[in-house]
Amino acid sequence: MQELFAPENLGDQERARLANLEALRAADVATYPARVKRTHTIAQARALYEQGDAGVEPVTVTGRLKRIRVMGKMSFADLEDGSGQIQLVVKRDNLPEGWYNNIWKKLIDLGDFIGATGPLIATKTGELSVDVVEIQFLAKALKPMPDKWHGVKDAETRYRRRYVDLLANPPVRDIFRTRAAVLRALREYLDGEGFLEVETPILQPIYGGAAARPFVTHHNQLHQDLYLRISFELYLKRLLVGGYDRVYEIGRDFRNEGVSFKHNPEFTQLEFYEAYADYYDVMRRTEEMIAHVARQVTGGTVIEWQGHVIDLTPPWTRLPLRQAILDATGIDYEAYPDAASLADAMRAIGHEPSADSNWGKLVDSLMAKHVEPNLIQPTFLIDYPRDVSPLAKASDEDPRQVERFEGFMAGMEVCNAFSELNDPIDQLQRFIDENYRAAHGDDEAHPVDVDYIEALSYGMPPAGGFGMGVDRLTMLFTDRETIREVLLFPHLRSSDSKAEVAAEAEVDEAD
RNA sequence: GGGUCCCUAGCUCAAUUGGCAGAGCAGCGGCCUUUUAAGCCGCGGGUUCUGGGUUCGAGUCCCAGGGGGCUCACCA
């Protein structure tokens with residue numbers, strides 16, 4: 001590792017930058033000073049000029065040097081900080097003796113962080129500029145910057161080294177500002193409705209609340225295997241038992257499954273639970289909450305996504321799942337009450353269902369293939385089969401169905417909610433059914449959570465519960481078609497298998 | 001995991017039928033005191049993802065591996 005900066009391991013441009021750094025040090029110029037004497041952010045300097053207060057006294061602005069145009073005895077340069085960009089005018093005769101020719105023109109590199117001091121002026125073409133009289137180095141950049149015009153396009157570089165993406169492709173920074181605005185608006189809405197934000201364990205002895213395979217980890221001192229949570233559900237409902245009427249959590253879920261344009265192994269989830277509400281109440285709240293987010297983030301409730309105009313204005317379409325699948329495929333799944341007959345019906349329309357699929361999975365695959373991709377406008381699919389919903393309360397009218405809905409938009413499932421099952425005896429039976437599935441090869445089936453049953457036994461008020469993928473919602477508001485674009489550091493495979501092997505060897509030695 | 005496409009200079013991209021690996025930006029040297037991707041002259045820069053193979057000759061063809069994109073499967 002010490003050889004990382006050895007000349008033989010550097011490219012020519014990196015060697016040149018390192019030589020410039022050494023020359024600056026030899027000239028006693030500080031290259032990584034601890035303090036900065038900034039007087040104005042670039043935005044503040046611009047505001048100052050617009051107020052007509054420019055020229056009175058010099059300002060010191062700081063930032064990364066993005067472009068340099070040397071015209072001879074004067075230069076123009078563009079400096080960027082987090083608030084914006086400003087042009088620097090650098091004249092030989094305004095800098096200390098020797099600085100222009102020996103330091104500015106020789107030792108400064110694109111990408112360096114510098115401070116520039118001088119009065120604010122407008123150039124002949126009217127561009128607001130700092131008329132520089134003094135320059136200080138703040139941090140030398142030892143790597144060459146990406147193309148100033150094209151930026152960096154390679155997806156792998158963009159995701160693996162997101163900092164390069166962010167510094168070279170300014171619009172990418174807006175994605176994560178929007179993401180923060182989405183999160184802020186969600187909290188704002190829920191806080192305003194009297195929900196309490198809570199935090200529950202990520203390391204769980206028994207995972208649950210969703211049909212997914214977990215990541216497993218281990219606590220050394222306790223000699224205990226633990227699971228990274230696949231949902232917050234069972235803990236949040238314990239809080240309803242405890243007496244909070246409205247709770248929510250925003251945090252990370254982990255699911256040990258494949259990656260795709262809408263799946264990352266860890267993703268951000270919002271869940272809320274509301275006592276004395278049912279799934280229709282939750283539907284209304286969902287529309288209201290997402291419309292609120294839309295107004296906060298975009299100023300309205302109609303957005304554009306990948307060429308589609310999507311109208312988020314409540315109310316949204318409500319469509320029974322059974323009807324949606326019937327319309328799309330001609331299959332009424334209630335007419336095929338077991339996996340074998342449903343699979344036959346699916347084969348008749350060209351499906352090749354895998355042999356180990358249970359009935360619920362078959363219904364879901366019909367929905368995922370024929371219904372979901374066409375739900376561009378916000379739509380609630382409602383009333384799901386009991387078999388695929390072990391935590392949802394059965395419908396009073398039809399015990400084969402549960403009071404559940406999923407919200408779709410942009411061809412993606414965005415949220416999932418139901419009237420929560422609060423009958424401990426029924427819940428235990430559902431767990432036992434799930435356990436049977438697990439024993440018969442369904443590795444996503446729910447484990448039995450006896451402690452949760454015990455919690456329900458103390459009495460949980462009737463409640464509506466809700467879960468939403470915040471990343472997918474962010475895709476919608478940032479007009480992105482893959483989840484990787486809205487995650488700062490999406491999961492990628494290790495790029496260097498040799499490095500990985502070396503790291504494993506070190507861990508082995510440490511044990 | 002399957003299919004498929006891609007990986008060439010720091011970045012963005014070329015390279016005809018298998019025949020001397022190139023351009024723009026960036027870098028280096030020079031000119032230039034009002035530019036906006038500044039301009040002009042000159043120069044250097046490559047493990048063509050890795051390892052094998054075929055061939056007189058491989059960026060190009062074949063095999064294996066790595067990584068990425070898309071897609072299918074998986075994913076309530």
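Within every chain, numbering begins at 1; the chains are lettered A, B, ... in the order of the sequence lines, protein sequences first and strands thereafter.
Whole-Å rounding puts the Leu366(A) CG to C74(B) P distance at 12 Å. Rounded to whole Å, atom P of G27(B) lies 15 Å from atom CG of Leu142(A). The nearest whole Å value for the distance from the NZ atom in Lys153(A) to the P atom in A14(B) is 10 Å. As a whole-Å value, the separation of Phe261(A) CZ from G68(B) C1' is 18 Å. Rounded to an integer number of Å, the gap from His491(A) NE2 to G69(B) P is 11 Å. We find that CZ of Phe76(A) is positioned 13 Å from P of A37(B), with the value rounded to whole Å. The interatomic distance linking Leu391(A) (CG) with A76(B) (P) rounds to 13 Å, in whole Å. Whole-Å rounding puts the Met145(A) CE to U12(B) P distance at 14 Å.
Sequence order on RNA chain B of the closest nucleotides to Ser129(A) and Pro146(A) puts Pro146(A) first from the 5' end. When the nearest nucleotides of RNA chain B are assigned to Asp109(A) and Met71(A) by heavy-atom distance, the more 5′-ward of the two goes with Asp109(A).
Within the nucleic acid shown, Gly209(A) comes within 4.0 Å of at least one base atom, counting heavy atoms only. Looking at heavy-atom distances under 4.0 Å, Val363(A) makes no contact with the nucleic acid at all. Asp364(A) comes within 4.0 angstrom of sugar-phosphate atoms only, judged by non-hydrogen atoms across all strands, and of no base. Across all strands, Lys369(A) comes closer than 4.0 Å only to sugar-phosphate atoms, never to a base (heavy-atom distances). Within the 4.0 angstrom heavy-atom criterion, no nucleotide atom of any strand lies near Ala168(A). Counting non-hydrogen atoms under 4.0 angstrom, Pro390(A) reaches a base of the nucleic acid. Among the atoms of the strands shown, none is found under 4.0 Å from any heavy atom of Gly360(A). Among the protein residues, Arg484(A) comes within range of the sugar-phosphate backbone only, with heavy atoms under 4.0 Å from sugar or phosphate atoms but none that close to a base. Heavy atoms of Val388(A) sit under 4.0 angstrom from at least one base atom. Residue-level contact check: Asp93(A) touches the bases, meaning some heavy atom is under 4.0 Å from a base atom. Residue contacts for Glu127(A): at a heavy-atom cut-off of 4.0 Å it reaches a base atom on one of the strands shown. Residue contacts for Arg160(A): at a heavy-atom cut-off of 4.0 Å it reaches the sugar-phosphate backbone alone, with no base atom in range.
Proximity of residues 331-339 of chain A to RNA chain B (heavy atom under 4.0 angstrom from any strand atom) is not detected for any residue.
Without hydrogens or angle criteria, Arg64(A) side chain to Leu167(A) main chain gives no donor-acceptor distance under 3.5 Å.
Side-chain proximity of Lys73(A) to the nucleotides U33(B), A76(B), A26(B) is greatest for U33(B). Comparing A76(B), U35(B), C74(B) by their nearest atom to the side chain of Thr123(A) picks out U35(B). The side chain of Glu156(A) has G67(B) as its nearest neighbour among G27(B), G67(B), U34(B).
Counted by atom type alone, Gln377(A) and Thr317(A) present zero donor-acceptor pairs between their side chains at under 3.5 Å. Between the side chains of Tyr384(A) and Asp364(A), not a single donor N or O lies within less than 3.5 Å of an accepting N or O.
Partner assigned to U4(B) is G69(B), using Watson-Crick or G-U wobble distances below 3.5 angstrom. In this structure, G42(B) and C28(B) make a Watson-Crick or G-U wobble pair, each of the two defining distances being under 3.5 angstrom. Nucleotide G59(B): unpaired (no Watson-Crick or G-U wobble partner with both distances less than 3.5 Å).
Here, A9(B) and C5(B) have their C1' atoms 24 Å apart, quoted to the whole Å. Distance noted for atom C1' between A26(B) and C11(B): 7 Å (whole Å). Taking atom P on both nucleotides, C40(B) is separated from C25(B) by 8 Å, rounded to a whole Å. C13(B) and C70(B) have their P atoms separated by 16 Å, given to the nearest Å. Here the separation of A37(B) from U55(B), taken at their C1' atoms, is 45 Å to the nearest Å. The P atoms of G2(B) and A73(B) are separated by 16 Å, rounded to the nearest whole Å. Across the C1' atoms, C28(B) and G10(B) are found 14 Å apart, a figure rounded to whole Å. The same atom, P, is picked in C49(B) and in C56(B); the two are 25 Å apart, to the nearest Å.
In this model, a side-chain donor or acceptor of Gln87(A) finds a partner on the base of U35(B) within 3.5 Å. Applying the 3.5 Å distance criterion, the base of G24(B) shares a donor-acceptor pair with the side chain of Asp147(A). Donor-acceptor pairing under 3.5 Å, judged by distance alone, is present between the side chain of Asp12(A) and the base of G44(B). At a cut-off of 3.5 angstrom, the base of A26(B) holds at least one donor-acceptor pair with the side chain of Gln13(A).
In summary, Asp426(A) and Arg430(A) engage in a salt bridge, as defined by a charged side-chain N under 4.0 Å from a carboxylate O. Salt bridge status for Asp344(A) with Arg347(A): present, with a side-chain N to carboxylate O gap under 4.0 Å. Glu287(A) has a carboxylate O that lies under 4.0 Å from a charged side-chain N of Arg318(A), or vice versa, which qualifies the two as a salt bridge.
The two atoms that bring Ala168(A) and Pro146(A) nearest to each other are CB-CG, 3.7 Å, heavy atoms only. Of all the heavy atoms in Ile325(A) and Ile331(A), the pair that sits closest is CG2-O, 3.8 Å.
Aromatic ring orientation, Phe405(A) versus Phe380(A): perpendicular (interplanar angle above 60°, classes split at 30° and 60°). By the 30° and 60° cut-offs, the orientation of the rings of Phe254(A) relative to Phe215(A) is perpendicular. By the 30° and 60° cut-offs, the orientation of the rings of Phe137(A) relative to Trp99(A) is tilted.
Between atom CD1 of residue Ile68(A) and atom CG of residue Asp112(A) there is a gap of 8.0 Å, rounded to the nearest 0.5 Å.
Arg17(A) has no side-chain polar atom (N or O) that falls below the 4.0 Å cut-off from OP1 or OP2 of G27(B). Between Lys148(A) and A38(B) there is a side-chain polar atom (N or O) within less than 4.0 angstrom of OP1 or OP2. A close approach under 4.0 Å does not occur between any side-chain nitrogen or oxygen of Lys262(A) and OP1 or OP2 of U71(B). Residue Arg69(A) places at least one side-chain N or O closer than 4.0 Å to OP1 or OP2 of A38(B). Phosphate contact (OP1/OP2 of U34(B), side-chain N/O of Lys91(A), threshold under 4.0 Å): absent.
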